[in-house]
Number of protein chains: 2
Amino acid sequence: MMRPAMELRHLRYYVAVAEALNFTKAAARLRVAQPSLSRQMQGLEDEIGVDLMKRSSRGVTLTAEGKLFLDEVRQVIARTDESVNKVRALARGEYGELHIGYGPSVSVEILPPALAAFKNDVPHVKLVLHDLSSNEMAEALRRGTLDLGIMVSPTEENAVGLEFQLLKSYPFCVALPPQHPFARLKQVPITRLVHEPLVSLHQSEYSDYHRLVLLLFAGLEPQPRIVAECDSGSSLFTAVQAGHGLALLPAVYRHVLSTRLELRPLTPRNLPTMDVVVARATKGDLTPAAEKFRRQLLQDGTLRKGSV
Amino acid sequence: MMRPAMELRHLRYYVAVAEALNFTKAAARLRVAQPSLSRQMQGLEDEIGVDLMKRSSRGVTLTAEGKLFLDEVRQVIARTDESVNKVRALARGEYGELHIGYGPSVSVEILPPALAAFKNDVPHVKLVLHDLSSNEMAEALRRGTLDLGIMVSPTEENAVGLEFQLLKSYPFCVALPPQHPFARLKQVPITRLVHEPLVSLHQSEYSDYHRLVLLLFAGLEPQPRIVAECDSGSSLFTAVQAGHGLALLPAVYRHVLSTRLELRPLTPRNLPTMDVVVARATKGDLTPAAEKFRRQLLQDGTLRKGSV
DNA sequence: GAGTAGCGATGCCTTTGAGGCATGATGCGT
DNA sequence: ACGCATCATGCCTCAAAGGCATCGCTACTC
């Protein structure tokens with residue numbers, strides 16, 4: 001004679017009975033007939049092997065064991081519901097972890113509002129931000145440790161296994177000290193830069209930047225003279241301020257630029273731009289939260305063109 | 001079309017499948033047929049509304065949601081089992097709280113070994129000791145805040161609503177300073193005490209003691225002279241040491257007596273004794289743990305007569 | 001103190017759905 | 001191409017949850 005195992009039904013019924021202290025009323029609340037409830041409770045006590053309640057003609061009272069069990073069962077049921085809700089929330093992208101890689105200066109206009117909106121929208125997703133170079137990001141995306149990356153649109157070879165969507169396009173500007181003759185111009189033709197000494201960022205660490213700068217001068221004669229390569233934006237600014245030379249920077253740098261430097265747009269307007277993209281791995285699905293965040297980013301960028 | 005609610009069965013099955021990553025093997029472990037298991041899992045996913053696993057011709061893999069759910073479900077099931085075990089343990093007297101009242105000096109021989117044995121036997125019962133006077137104990141027992149009390153057998157009027165069982169019976173002795181003439185006697189006839197000044201404990205706080213002392217001298221002439229009433233055992237000892245008078249004490253006091261005092265048995269041997277009992281409320285059942293402890297006390301007392 | 005109202009338990013039947021068996025569909029490896 | 005392992009589906013059985021009528025008990029009421 002095999003007894004049916006304990007099921008959640010028993011627990012749900014038990015809570016109802018223990019709260020009503022009356023089989024008839026509990027049965028009504030549960031929308032079952034009282035005899036069925038009676039038998040389920042008998043089965044439960046039989047399974048546990050402990051008397052949980054005392055029945056009398058005027059209702060039900062809980063034994064000490066019954067009171068303890070009520071306590072426990074309430075927690076178990078709450079925990080169960082919570083588990084299901086967590087899974088549903090995860091599927092809706094409202095729970096879980098989201099790993100985002102970003103280049104700090106390059107995403108300064110994009111990331112903060114997106115993060116704020118996302119945190120507001122789905123506060124239970126744990127956002128983990130990773131300050132990475134483009135190469136590290138590509139690697140992490142392929143490995144799957146990163147869900148999304150916000151980066152400069154990379155070259156072909158760095159892009160294998162990845163997919164991109166444009167977030168914002170920044171034209172290049174020239175950064176110069178206020179006393180420089182070009183400071184009087186509203187905009188600077190790139191042809192006039194070829195005779196100026198230039199300060200650049202270090203090639204190996206900022207390969208995307210380097211590539212774009214070369215692209216800007218493609219086909220011009222003579223090629224500009226690079227008098228210094230700096231290993232960070234701030235040292236670049238210092239070099240320009242010190243008058244060592246001018247620097248080419250995408251317009252986004254206006255946010256991080258020292259006030260002691262001026263930024264002038266380049267002409268013509270159809271020069272190569274620095275494109276900031278959101279990257280994801282081609283293989284493997286995005287988590288729902290990542291999908292949500294990606295959408296967030298794309299619709300945020302109402303104006304995709306970086307103004308100057 | 002009403003879908004059956006989620007039951008523990010679904011969770012147990014899910015864990016089996018998620019562990020085996022194979023319906024056929026999981027079904028074998030669960031001793032059900034594979035198709036049944038398949039359908040239960042379909043029902044589960046349907047109920048939650050989330051895909052928990054991906055099926056292929058080579059087995060099963062968990063989705064991210066499925067992994068989270070596995071984690072959660074394992075905890076829920078463990079919690080459920082634990083709840084049932086707690087209730088069973090409570091019913092067996094191996095879990096819960098046990099409130100014991102005791103008079104410190106009077107239970108010095110009885111309580112420590114019983115506590116040690118009990119803690120060893122059922123370590124998960126939380127023992128709460130209450131140092132109370134007899135009156136407070138009786139009150140607490142009737143109120144139900146106390147499970148058991150270890151006390152001096154009380155008078156009728158203090159005993160209403162309570163039941164007692166004898167633990168140990170202590171004959172009275174006389175406490176005297178070493179230089180007192182009676183110190184040379186092996187035992188002291190009570191008739192010789194009626195001419196000695198006596199030191200006693202304060203009547204209102206130690207009514208049981210008082211009653212017994214009066215009982216000892218019942219029928220004797222003249223009645224002894226009580227020269228001082230002390231409000232604690234230690235001040236009583238001091239008074240006797242100082243030579244203010246002798247004191248009558250049950251033999252159990254040999255454990256707490258200052259070494260500067262001698263204790264001599266009284267004769268005849270059939271004088272009233274101080275009986276230490278375990279008390280419980282008449283109405284209301286003892287908790288299983290209390291019942292267990294009571295048995296412990298009763299069988300511990302292999303020799304019920306306090307030796308001298 | 002008989003009647004009655006409210007309680008849970010029991011007997012008996014219905015219905016639901018879990019489970020079993022046979023088989024289908026599919027993808028992988030040989 | 002075939003075989004094998006996998007999970008899904010169709011169909012049936014049967015256990016057990018659920019419903020209805022009724023019983024037995026107790027406590028209150030008049």
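Just so it is clear, the values below take in all heavy atoms, side chains as well, and ignore hydrogens, waters and symmetry mates. Numbers restart at 1 for each chain; the letters A, B, ... are given by sequence-line order, proteins then strands. Predicted model, so just to flag it, every value in this text is computed and none were measured.
- Residue L44(A) contributes atom CG, which lies 16 Å from atom C1' of dA16(D) at whole-angstrom precision.
- Under 3.5 Å, the side chains of Q40(A) and H10(A) contain a donor-acceptor pair of N or O atoms.
- With sequence neighbours excluded, no residue forms a salt bridge (charged side-chain N to carboxylate O under 4.0 Å, His left out) with E163(A).
- Annotation: salt bridge (Lys or Arg N to Asp or Glu O under 4.0 Å) contacts involving residues 116-134 of chain B, sequence neighbours excluded, comprise E97(B)-K126(B).
- A donor-acceptor pair under 3.5 Å links the side-chain atoms of R142(A) to the main chain of V160(A), judged by distance alone.
- If you take CE of M53(A) and P of dA9(C), they are 8 Å apart, rounded to a whole angstrom.
- Of the N and O atoms on the side chains of Q42(A) and S38(A), not one donor lies less than 3.5 Å from an acceptor on the other residue.
- Contacts of residues 14-24 of chain B with DNA chain D (heavy atom under 4.0 Å): N22(B), F23(B), T24(B).
- Distance alone, capped at 3.5 Å, is enough to place a donor-acceptor pair between the E136(A) side chain and the S133(A) backbone.
- Taking atom CG of residue L30(A) and atom C1' of nucleotide dG8(C), one finds them 16 Å apart after rounding to whole Å.
- Against DNA chain C, the stretch residues 59-69 of chain A makes heavy-atom approaches under 4.0 Å through G59(A), V60(A).
- One interatomic measurement links the two molecules: CZ of R3(B) to C1' of dA18(C), which rounds to 17 Å at whole-angstrom precision.
- Take H99(A) and apply the ring pair (Phe, Tyr, Trp, His ring centres under 6.0 Å) test, not counting sequence neighbours, and it matches H130(A).
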_Under 4.0 Å protein heavy-atom contact, by nucleotide of nucleotides 24-30 of chain C - B base, S sugar-phosphate only_ = --BBS--

Show me the donor-acceptor pairs, under 3.5 Å and distance only, between side chains in residues 18-26 of chain A and residues at least two apart or in other chains.
unit_1 : atom_1 : unit_2 : atom_2 : d
E19(A) : OE1    : R29(A) : NH2    : 3.2
E19(A) : OE2    : R74(A) : NH2    : 3.1
N22(A) : OD1    : T24(A) : N      : 2.8
N22(A) : OD1    : K25(A) : N      : 3.0

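- Residues E7(A) and R12(B) are in side-chain contact: their nearest non-hydrogen atoms beyond the backbone lie under 4.5 Å apart.
- Atom CE of M41(B) is separated from atom P of dG19(C) by 10 Å (rounded to the nearest Å).
- Here dG19(C) presents its P atom at 9 Å from NE2 of H10(B), a figure rounded to the nearest Å.
- Legend: residues meeting ring pair (Phe, Tyr, Trp, His ring centres under 6.0 Å) with Y13(A), ordered by chain and number and at least two apart, are absent.
- Applying the salt bridge (charged side-chain N to carboxylate O under 4.0 Å, His left out) rule to R31(B) yields no partners; only residues at least two apart in sequence or on another chain are considered.
- Atom CD in E7(B) sits about 11 Å away from atom P in dG19(C), given to the nearest Å.
- Atom P of nucleotide dA18(C) and atom CG of L8(B) are separated by 14 Å, given to the nearest angstrom.
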Identify all pairs in which a protein N or O lies below 3.5 Å from an N or O of nucleotides 18-20 of chain D, and state each distance.
unit_1  : atom_1 : unit_2 : atom_2 : d
dG18(D) : OP1    : Y13(A) : OH     : 2.8
dG18(D) : OP2    : Y13(A) : OH     : 3.4
dG18(D) : OP2    : S36(A) : OG     : 3.2
dG19(D) : OP2    : A33(A) : N      : 2.5
dG19(D) : O6     : R39(A) : NH2    : 2.4

Counting only pairs under 3.5 Å, give me each side-chain donor-acceptor contact of residues 274-289 of chain A, with atom names and distances, residues two or more places apart or in other chains.
unit_1  : atom_1 : unit_2  : atom_2 : d
D275(A) : OD1    : S169(A) : OG     : 2.5
D275(A) : OD1    : T273(A) : OG1    : 2.8
R280(A) : NH2    : G284(A) : O      : 3.2
T282(A) : OG1    : G161(A) : O      : 3.1
T282(A) : OG1    : L162(A) : N      : 3.3
T287(A) : OG1    : A290(A) : N      : 3.1

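- Using a 4.5 Å cut-off on side-chain heavy atoms (C-beta onward), L298(A) and Q165(A) make contact.
- Between K25(A) and the phosphate of dC7(C), there is a side-chain N or O to OP1/OP2 separation shorter than 4.0 Å.
- Scored by the ring pair (Phe, Tyr, Trp, His ring centres under 6.0 Å) test, Y102(B) finds no partners at all (sequence neighbours excluded).
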